[in-house]
Amino acid sequence: MSRLAVMIAGTVLLAGCAAPRPLYTWGSYEELIYTTYEAPGKLGPQDEVNTLEKDYQQARATNTRMPPGWHAHLGYLYYELGQPAQARQELQTEKAEFPESQVFVDRLLTNLKKP
Amino acid sequence: MNARSSIAAALGVAGLLLLGGCATTHPYDYTNFRAHPPRSILILPPLNESTSVEGTYGYLSTVSRPVAELGYYVYPVEVVDRFFKENGMPTAGEMHQAPLNRVREITGADAVLLVTLEKYGSQYHVINSTTVVKVHAKLVDTRTQTLLWEGHGEAEQASSGSGSLLVELVAAAVAQAINSKTDPAHSVSRLANSNLFLAKDAGLPYGPYSPKFNREP
């Protein structure tokens, strides 16, 4: 009986102390932004894309979401690499995941059509 | 109790009340925020008033995460920065001056987060160093230009001592050499952001993507 009480108390304590589950898988997203500004040229868009795609595979394996802006950022990198089909696909994903992005993403999609 | 001692007692109580009044910070008044609760937040590069040039982007690369984890749609900060630069606004100062109705038209953002970086960087002493990041942030509604929320955040990190001067000097030299490459203020920014956004009774409220949205006291 008393052992049960201790176990329950322990569980309650653990639950109370547990850090809240993050909403998103951040991976290297912010660190990549940091590196591109602080050490320009150290990473090319292709290196960034490879890292982000790796993060995405991990998120899919754990069934978690990428943060807001992430797919648009990846789309922008594909655009820089001259891969408009992939760029468009990522931008459409951003819009589908986060409808708030529509106005800005539509503007980027329009720029994509320009030669 | 005579008159004099009761006056003294009253003054004493008043003094305590005054002290108490000064010591407690007032909870933030969220009236404006509640009137225009945003879903989407556009974060611009901070105005850098610190002495470190690298502060602008060192800080910008730490601020998406806390705001998005609170439950808001956060625009991709690097894409936004490049977009503004390509459209005739090469500096954070110019971006902060952009007319809000125009920002809303271009991005669809409900609110803009305007951060001023007041301090960013390390001071090196003989055997240790102190790294400080201090920010002031304003969240402004793009439709009405109302100030929805503002806050301050500061964090400081000092390299610790071990007692032996020789060990200290060697360790400090090594730490400074390593840290000057990795920019310690970058990680201290994350602590400053916690103090800014998660301040008790004064932080940024949870947004619509958070399970705690509208469920706080």
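Remember, predicted model here, so these are calculated numbers, not experimental data. A note on names: the letters A, B, ... follow the listed sequences, proteins ahead of strands, and every chain is numbered from 1.
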Okay, Thr62(B) and chain A: the region with an atom under 4.5 Å from a heavy atom over there is backbone
Does Glu53(A) have more than 12 heavy atoms from other residues, nucleotides or ligands lying within 6.0 Å of its CD?
yes
Is Leu108(A) in contact with chain B via its backbone, its side chain, both, or neither, using a 4.5 Å heavy-atom distance?
side chain
Test salt bridge (charged side-chain N to carboxylate O under 4.0 Å, His left out) applied to Glu94(B) - qualifying residues, sequence neighbours left out:
none
Distance-minimising heavy-atom pair for Ala72(A) and Val79(B)
O-CG2, 4.2 Å
Residues of residues 70-78 of chain B with a heavy atom under 4.5 Å from any heavy atom of chain A, in residue-number order, are Gly71(B), Tyr72(B), Tyr73(B), Val74(B), Tyr75(B), Pro76(B), Val77(B), Glu78(B)
Under 3.5 Å, which donor-acceptor pairs link side chains of residues 99-117 of chain B to any protein atom two or more places apart or in another chain?
from: Arg102(B); atom 1: NH1; to: Glu105(B); atom 2: OE2; distance (Å): 3.0
from: Arg104(B); atom 1: NH1; to: Thr142(B); atom 2: OG1; distance (Å): 2.9
from: Thr107(B); atom 1: OG1; to: Val103(B); atom 2: O; distance (Å): 2.7
from: Thr107(B); atom 1: OG1; to: Ala109(B); atom 2: N; distance (Å): 3.1
from: Asp110(B); atom 1: OD2; to: Arg39(B); atom 2: N; distance (Å): 2.9
from: Asp110(B); atom 1: OD2; to: Ser40(B); atom 2: N; distance (Å): 3.2
from: Asp110(B); atom 1: OD2; to: Ser40(B); atom 2: OG; distance (Å): 3.4

Value for CG (Leu42(B)) from CD (Glu100(A)), rounded to nearest 0.5 Å, stands at 13.0 Å
What distance separates Tyr29(A) OH from Arg65(B) CZ, expressed to the nearest 0.5 Å?
12.5 Å
Give, for atom CH2 of Trp70(A) and atom OG of Ser64(B), the distance between the pair rounded to the nearest 0.5 Å.
14.0 Å
Counting C-beta onward and ignoring hydrogens, is there a side-chain heavy-atom pair between Tyr34(A) and Leu60(B) closer than 4.5 Å?
no
Can you say whether Glu97(A) sits under 4.5 Å from chain B via the side chain, the backbone, both, or neither, judging by heavy atoms?
backbone
Non-hydrogen contacts under 4.5 angstrom with chain B: give the residues of residues 57-69 of chain A involved, or none if there are none.
Arg65(A), Pro68(A), Gly69(A)
Passes side chain to side chain contact (heavy atoms under 4.5 Å, CB included), Thr36(A) versus Tyr57(B)? Steps please.
CA-CA 9 Å; Thr36(A) 51; Tyr57(B) 294 102; over 6 Å; no
Neighbour count >12 (heavy atoms, 6.0 Å) for atom NZ, Lys54(A)
no
Taking the six-membered ring where the residue is Trp, are the ring centres of Phe98(A) and Tyr209(B) under 6.0 Å apart?
yes
Tyr37(A) side, atom OH; Thr56(B) side, atom OG1 - distance, nearest 0.5 Å
10.5 Å
Between Glu54(B) and Glu38(A), is there a donor-acceptor pair closer than 3.5 Å when you use the side chain of the first and the backbone of the second?
no
Classify the angle between the aromatic ring planes of Phe83(B) and Phe104(A) as parallel (below 30°), tilted (30 to 60°) or perpendicular (above 60°).
perpendicular
Atom group of Gln102(A) that falls short of 4.5 Å from chain B, counting heavy atoms
neither
Rounding to 0.5 Å, atoms CG (Leu32(A)) and OG (Ser61(B)) come to a distance of 10.5 Å
Given heavy-atom pairs under 4.5 angstrom as the criterion, report whether the side chain, backbone, both or neither of Val53(B) touches chain A.
neither
Arg190(B) with Glu30(A): basic N within carboxylate O range, under 4.0 Å
yes
